[in-house]
Protein chains: 2
Amino acid sequence: MNVVTLKKISEVLGVSVSTVSRALKDHPDISALTKRKVMELAHSLEYEPNINAINLRNKHSMLFGLIVPTISRYFYDSFILSVEEEGRKQGYSLLILQTGENADIEQNSIRICRQNRVAGVFACLSANTVDVEPYLRLKDVNIPVIFFDKVPELEDSIKVTAADAQAASMAADALLAKGKQCILAIFGNNQLSITRRRIASFSNQIALQKGVELFIEHAHNPLEATGLVERYFKKEQKPDAVFCMSDEILTGVMKGLQALHINVPQETGVLALSNGFFPKLYYPEITYVETSGYELGKLAFARMLQLIREEEVEKETTVGACLVEGGSL
Amino acid sequence: MNVVTLKKISEVLGVSVSTVSRALKDHPDISALTKRKVMELAHSLEYEPNINAINLRNKHSMLFGLIVPTISRYFYDSFILSVEEEGRKQGYSLLILQTGENADIEQNSIRICRQNRVAGVFACLSANTVDVEPYLRLKDVNIPVIFFDKVPELEDSIKVTAADAQAASMAADALLAKGKQCILAIFGNNQLSITRRRIASFSNQIALQKGVELFIEHAHNPLEATGLVERYFKKEQKPDAVFCMSDEILTGVMKGLQALHINVPQETGVLALSNGFFPKLYYPEITYVETSGYELGKLAFARMLQLIREEEVEKETTVGACLVEGGSL
DNA sequence: GTGAAAGCGCTAACAA
DNA sequence: TTGTTAGCGCTTTCAC
């Protein structure tokens with residue numbers, strides 16, 4: 001083992017470990033000469049401090065735990081990216097733990113965060129999280145928790161989410177502004193509060209305009225969305241617009257429209273709530289209301305820093321939505 | 001701070017720390033009674049061992065570093081998932097470090113791995129990695145490195161890759177079998193050995209069939225791929241098939257074809273090398289040669305374990321490819 | 001069957 | 001300006 005430690009450096013130079021330690025941190029007490037010698041040697045030996053020793057001493061690590069159903073696609077990747085970027089600026093790294101929507105793995109992930117004495121946890125609940133308690137108990141060991149996206153319905157936890165209601169009503173407005181008269185709106189899992197909020201807000205907004213027909217449907221995956229499109233576009237009266245609650249639904253809808261050779265936007269308009277990646281895959285690009293995982297990440301990180309610094313933190317914050325025009329409406 | 005340590009438990013119970021330590025690991029020396037008392041108390045106090053202390057003592061951690069350009073889409077997510085799954089079985093977690101193809105961040109990520117005394121590093125080079133040395137020097141501090149996907153052209157490093165040559169020639173065969181005569185083949189960054197291997201194998205295979213015209217082009221992102229499609233399909237003699245070296249290129253190509261209203265497969269065939277997600281987004285689904293990130297992850301992990309156990313390890317291994325029929329050819 | 005003590009690598013209070 | 005020392009939490013050897 002060729003691992004270099006402060007001790008090794010101190011022995012070579014004939015000084016004490018603490019001198020080396022201080023020299024490396026550019027401590028004002030140490031003479032310029034000593035500093036130079038220490039730094040040079042450390043550099044040439046490729047010294048890297050042992051984080052575990054540092055953490056042990058500090059009683060916390062420069063790691064954040066990030067517990068999430070999946071890192072890929074449809075939203076979380078951009079959240080993670082932005083948390084990682086922000087964290088890097090402050091010297092933090094990310095311990096990413098995917099639960100795959102499995103409650104056992106989720107519980108275990110919380111334990112791993114505890115054992116690692118992470119500086120904080122970013123958590124997005126699994127669809128079937130049974131017990132939020134273990135998250136809350138992290139507070140006992142001084143680990144702050146920020147919930148994002150899929151958050152528990154609890155008063156006293158810190159949550160950051162996209163502005164669902166706002167996004168959904170913006171989408172409705174965009175459809176009405178284009179004079180759409182017969183709208184197929186496809187939403188996701190109705191169990192989730194996020195879905196119910198979006199439906200309520202969307203249909204209320206549509207209802208403001210008399211005479212618009214609205215068909216609300218649910219799809220749990222792209223395939224079901226494709227099926228819905230096939231069903232509705234074989235009808236006598238075809239929808240003149242399709243609204244997709246998520247990227248996942250959007251991909252299913254587009255596949256269905258392609259299969260039926262339906263031209264967008266000539267024969268029907270398409271509008272999605274999206275993070276922005278999938279709409280750009282198509283031609284014409286899909287018009288969407290953006291709920292940015294990236295922005296959400298930035299916000300979550302800011303909240304985390306406040307918690308760590310023991311500043312006052314707002315319990316619930318949302319990031320706004322905005323309409324991004326493609327050519328699909 | 002309510003953090004429970006062995007010492008706290010030992011004080012409550014009036015035994016020594018070492019007894020507690022041994023009791024918790026079910027050491028045979030300890031009496032059943034003591035064990036029970038210790039375990040019960042530890043449980044009720046929600047004791048979790050401090051990993052940093054353990055790592056410090058062990059001189060390594062139960063973390064793997066995973067350095068990758070991006071965690072999302074196009075391949076890596078499935079690799080990460082499988083490494084994480086395998087790792088979890090053995091008690092490992094993942095320190096995921098995204099480089100965003102930035103060489104500085106990549107270097108820094110290597111340092112973070114060193115500082116954390118990770119048990120090993122899984123590395124996929126950035127497109128513009130200038131200096132592989134820092135990876136190799138991890139060996140000096142006993143950190144094994146497994147390169148995957150984008151690997152360096154070095155004899156003595158351990159690499160796992162998709163069977164590029166095989167996949168590319170399978171793709172060529174599939175095109176020839178359909179009697180394609182004028183093929184536009186779009187590859188990625190020509191700097192990467194992976195690209196050059198694929199080109200060589202692909203064009204050699206095509207060359208076996210006399211009279212087939214092959215146009216080889218490069219695209220560094222989807223946009224460039226879209227541009228190439230627009231250029232080639234405005235020509236007098238349009239390609240009767242497009243080959244896409246990656247998912248990224250595929251998405252760009254499909255957007256270009258949609259823009260020009262070119263029917264697949266009637267007017268042109270499309271074939272991709274892919275991980276399987278994107279081809280299913282389109283109608284008809286794209287025929288592709290699958291190189292599985294998931295399988296590759298399993299393989300990489302197996303190699304890592306061998307390295308850690310200081311077993312003999314094959315330097316280069318590949319996972320096979322297979323043709324998945326869609327309706328695009 | 002249990003305890004005492006050393007040591008992993010680092011930092012910081014205190015001494016010189 | 002530098003050194004000595006104690007201690008972070010844990011494991012393990014050695015002693016009893």
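Just so it is clear: chains get the letters A, B, ... in the order the sequence lines come, proteins before strands, and each one is counted from 1.
With distances taken from any side-chain atom of A/S31 to the nucleotides D/dT1, C/dA6, C/dT11, the minimum falls on D/dT1. Looking at the side chain of A/T19, the nearest of the listed nucleotides D/dT13, C/dT11, D/dT2 is D/dT2. In this structure, of C/dG1, D/dT2, D/dT12, it is D/dT12 that holds the atom nearest to the side chain of B/S18. Considering only side-chain atoms of B/S16, the nucleotide from C/dC8, C/dG3, D/dC8 that sits closest is C/dG3. Distance from the side chain of B/I30 is smallest to C/dT2 among D/dT1, C/dC10, C/dT2. With distances taken from any side-chain atom of A/I54 to the nucleotides C/dA5, C/dA6, C/dC10, the minimum falls on C/dC10.
Within 3.5 Å, a donor on the side chain of B/R22 pairs with an acceptor on the base of D/dT13, or the reverse. For A/R117 and D/dG9, a side-chain-to-base donor-acceptor distance below 3.5 Å is absent, hydrogens and geometry of angles not being considered.
OP1 and OP2 of C/dG9 both lie 4.0 Å or more from every side-chain N or O belonging to A/T5. The phosphate of D/dT11 (OP1 or OP2) has a side-chain N or O of B/S21 nearer than 4.0 angstrom. For the pair A/T34 and D/dT1, the criterion of a side-chain N or O lying under 4.0 Å from OP1 or OP2 is not met. For C/dC10, neither phosphate oxygen OP1 nor OP2 lies less than 4.0 angstrom from any side-chain nitrogen or oxygen of A/K7. For the pair A/K25 and C/dC10, the criterion of a side-chain N or O lying under 4.0 Å from OP1 or OP2 is not met.
Atom CD of B/E311 has more than 12 neighbouring heavy atoms from other residues, nucleotides or ligands inside a 6.0 Å radius.
Panel note: side chain A/R117, backbone A/L56; no donor-acceptor pair is recorded below 3.5 Å. In this structure, the side chain of B/S109 engages the main chain of B/I105 through a donor-acceptor pair within 3.5 Å.
What separates NE2 of A/H60 from P of C/dT11 is a distance of 13 Å, to the nearest Å. C/dG3 atom P lies 13 Å from atom CG of B/L6, rounded to whole Å.
Nucleotides of DNA chain D nearest to A/V20 and B/N50 differ in position, and the one nearer the 5' end is that of A/V20.
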- [ ] Test ring pair (Phe, Tyr, Trp, His ring centres under 6.0 Å) on A/F79 and A/Y294 and set out the steps.
- [x] CA-CA 5 Å; A/F79 180 91; A/Y294 195 81; 10.0 Å; no
- [ ] Quick one: do A/F64 and A/F122 satisfy ring pair (Phe, Tyr, Trp, His ring centres under 6.0 Å)? Show the steps, please.
- [x] CA-CA 7 Å; A/F64 283 123; A/F122 297 93; 5.4 Å; yes
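Using a 4.0 Å heavy-atom cutoff across all strands shown, B/D29 reaches at least one base atom of the nucleic acid.
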